[in-house]
S.K.: 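Okay, handing you the structure first.
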Amino acid sequence: MSNCSSRALTLLSSVFGACGLLLVGIAVSTDYWLYVEEGIVLPQNQTTEVKMALHAGLWRVCFVAGREKGRCVASEFFHGPDTDIVTENTANILKTIRSATPFPMVSLFLVFTAFVISNIGHIRPQRTILAFVSGIFFILSGLSLVVGLVLYISSINDEVMNRPSSSEQYFHYRYGWSFAFAASSFLLKEGAGVMSVYLFTKRYAEEEMYRPHPAFYRPRLSDCSDYSGQFLHPEVWHRGRSPSDISSDVSIQMTQNYPPAIKYPDHIHISTSPC
């Protein structure tokens, strides 16, 4: 990464941030985080018969098999009395994973804020601190999302491990593409955060490299521009004498070396008349 130019880092951080924002937005708004199937095992040929199948997101549950096929309900109303399920494990899973819902929402807000700040920093690169701030927001967004993913997985694993084993019941679950989008978004946001912070350090180093030494300049005398009123010290830089300075010195020397005028006594009167 040390060989990347500022322009390449700007482009990569923008692309990673936009992709991370897009993926987490799709993941939060879709209902394919988890697939669940429940059924029974037929004793005749040891085959399974699916009694209920669904896919669930953070906000909604949709049935794809069973008596409730084609019906979608909000997650908080899933375990209502009018919902037909085979076992209580599915209801418990969908109830416990709701504790992980706030973290993806916080992550979505943080990555949106980071994306806006990052674009402002790219438009105005002289505001170097904006790259650092956007990088911190990208990293915090990724951390918030990974906390939510860990809680989501642990909630499902706890319910599955506590499920009573039975040779007559069939239960299967898997993670959907919405969950994969969220996991991919975590990697993209962390990458965007690291590149934004590195872009900040690179811009700061370039500013320090091309900034003149403060000993060569006097304090600012005007606020009209960044460099108005700043002049070099005469003791630092040797300056040749101008022709006007030389002529002034010669005239002074001639005045000092010229003999004084002859003065006569007051009582002597010299007449200039021919008579």
S.K.: Donor-acceptor pairs under 3.5 angstrom involving side-chain atoms of residues 188-197: please list them, not counting sequence neighbours.
M.R.:
from	atom 1	to	atom 2	distance (Å)
Lys189	NZ	Ser107	OG	2.4
Lys189	NZ	Ser141	OG	3.1
Ser196	OG	Ala192	O	2.8

S.K.: Would you sort out whether Leu9 and Lys202 count as a side-chain contact (heavy atoms from CB on, under 4.5 Å), showing the intermediate values?
M.R.: CA-CA 10 Å; Leu9 289 173; Lys202 196 173 184 64; 3.9 Å; yes
S.K.: Test Val111 against every option in Leu145, Val106, Val24 by the side-chain contact (heavy atoms from CB on, under 4.5 Å) rule and name the one that passes.
M.R.: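 The option that passes is Val24.
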S.K.: Is the shortest heavy-atom distance from the side chain of Arg127 to the side chain of Ile120 under 4.5 Å?
M.R.: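 No. Closest side-chain heavy atoms not under 4.5 Å.
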S.K.: Quick check: does any side chain N or O of Ser144 sit under 3.5 Å from a backbone N or O of Leu140, one acting as donor and the other as acceptor?
M.R.: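 No, the answer is negative, given that no donor and acceptor are paired below the 3.5 Å cut-off.
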S.K.: Which pair of non-hydrogen atoms, one from Ser99 and one from Leu151, has the smallest distance, and what is that distance?
M.R.: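 Answer, listing the atom of Ser99 first, then Leu151: O-CD1, 4.4 Å.
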S.K.: Can you tell me how far CD of Glu37 sits from NE2 of His172, rounded to the nearest 0.5 angstrom?
M.R.: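 Here the interatomic distance stands at 6.0 Å.
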S.K.: Distance check, rounded to the nearest 0.5 Å: Leu94 atom CG versus Leu58 atom CG?
M.R.: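 Here the rounded value is 11.5 Å.
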S.K.: Measuring from Ile123:CD1 to Thr10:OG1, what's the distance to the nearest 0.5 Å?
M.R.: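 Output value for this atom pair is 12.0 Å.
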S.K.: Look at the side chain of Ser29 and the backbone N and O of Gly25, then say whether any donor-acceptor pair between them is shorter than 3.5 Å.
M.R.: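 Yes; at least one donor-acceptor contact below 3.5 Å.
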S.K.: Within a reach of under 6.0 Å around OH of Tyr173, are more than 12 heavy atoms found that belong to other residues, nucleotides or ligands?
M.R.: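 Yes, enclosed.
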S.K.: Hey, are the side chains of Ser118 and Leu130 touching, using non-hydrogen atoms and a 4.5 Å cut-off?
M.R.: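 They are not in side-chain contact.
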S.K.: Between atom CD1 of Ile156 and atom CD1 of Ile97, what is the distance when rounded to the nearest 0.5 Å?
M.R.: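 The distance works out to 5.5 Å.
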S.K.: Can you check side-chain contact (heavy atoms from CB on, under 4.5 Å) on Phe16 and Leu187, steps first, answer last?
M.R.: CA-CA 9 Å; Phe16 276 46; Leu187 299 177; over 6 Å; no
S.K.: Ser184: what forms a side-chain contact (heavy atoms from CB on, under 4.5 Å) with it, not counting sequence neighbours?
M.R.: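 If we apply the side-chain contact (heavy atoms from CB on, under 4.5 Å) test to Ser184, skipping adjacent residues, the hits are Leu23.
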S.K.: Measuring from atom CZ of Phe112 to atom CD1 of Ile117, what distance do you get when rounded to the nearest 0.5 angstrom?
M.R.: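 Spacing of CZ (Phe112) from CD1 (Ile117) equals 10.5 Å.
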S.K.: Enumerate, atom names and distances included, each donor-acceptor pair closer than 3.5 Å involving a side-chain atom of residues 176-183, sequence neighbours excluded.
M.R.:
from	atom 1	to	atom 2	distance (Å)
Ser178	OG	Thr30	OG1	2.6
Ser178	OG	Tyr32	N	3.4

S.K.: Rounded to the nearest 0.5 Å, what separation is found between the CG atom of Asp158 and the CD1 atom of Ile153?
M.R.: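 Rounded to the nearest 0.5 Å, the CG-CD1 separation comes to 11.5 Å.
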S.K.: So, do Tyr175 and Trp33 have ring centers that fall under 6.0 Å from each other?
M.R.: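 Centroid distance Tyr175-Trp33: not below 6.0 Å, so no.
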S.K.: I'd like to know whether CZ of Phe137 has more than 12 heavy-atom contacts from other residues, nucleotides or ligands below 6.0 angstrom.
M.R.: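 No, the 6.0 Å shell around CZ holds no more than 12 heavy atoms from other groups.
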S.K.: Would you sort out whether His122 and Leu199 count as a side-chain contact (heavy atoms from CB on, under 4.5 Å), showing the intermediate values?
M.R.: CA-CA 10 Å; His122 296 336; Leu199 178 62; 3.9 Å; yes
S.K.: If you define the side chain from C-beta out and look only at heavy atoms, does anything of Val28 sit under 4.5 Å from Met105?
M.R.: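 Yes, side chains in contact.
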S.K.: Are the side chains of Val61 and Asp31 in contact, using a 4.5 Å heavy-atom criterion?
M.R.: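 SC-SC contact between Asp31 and Val61 ruled out.
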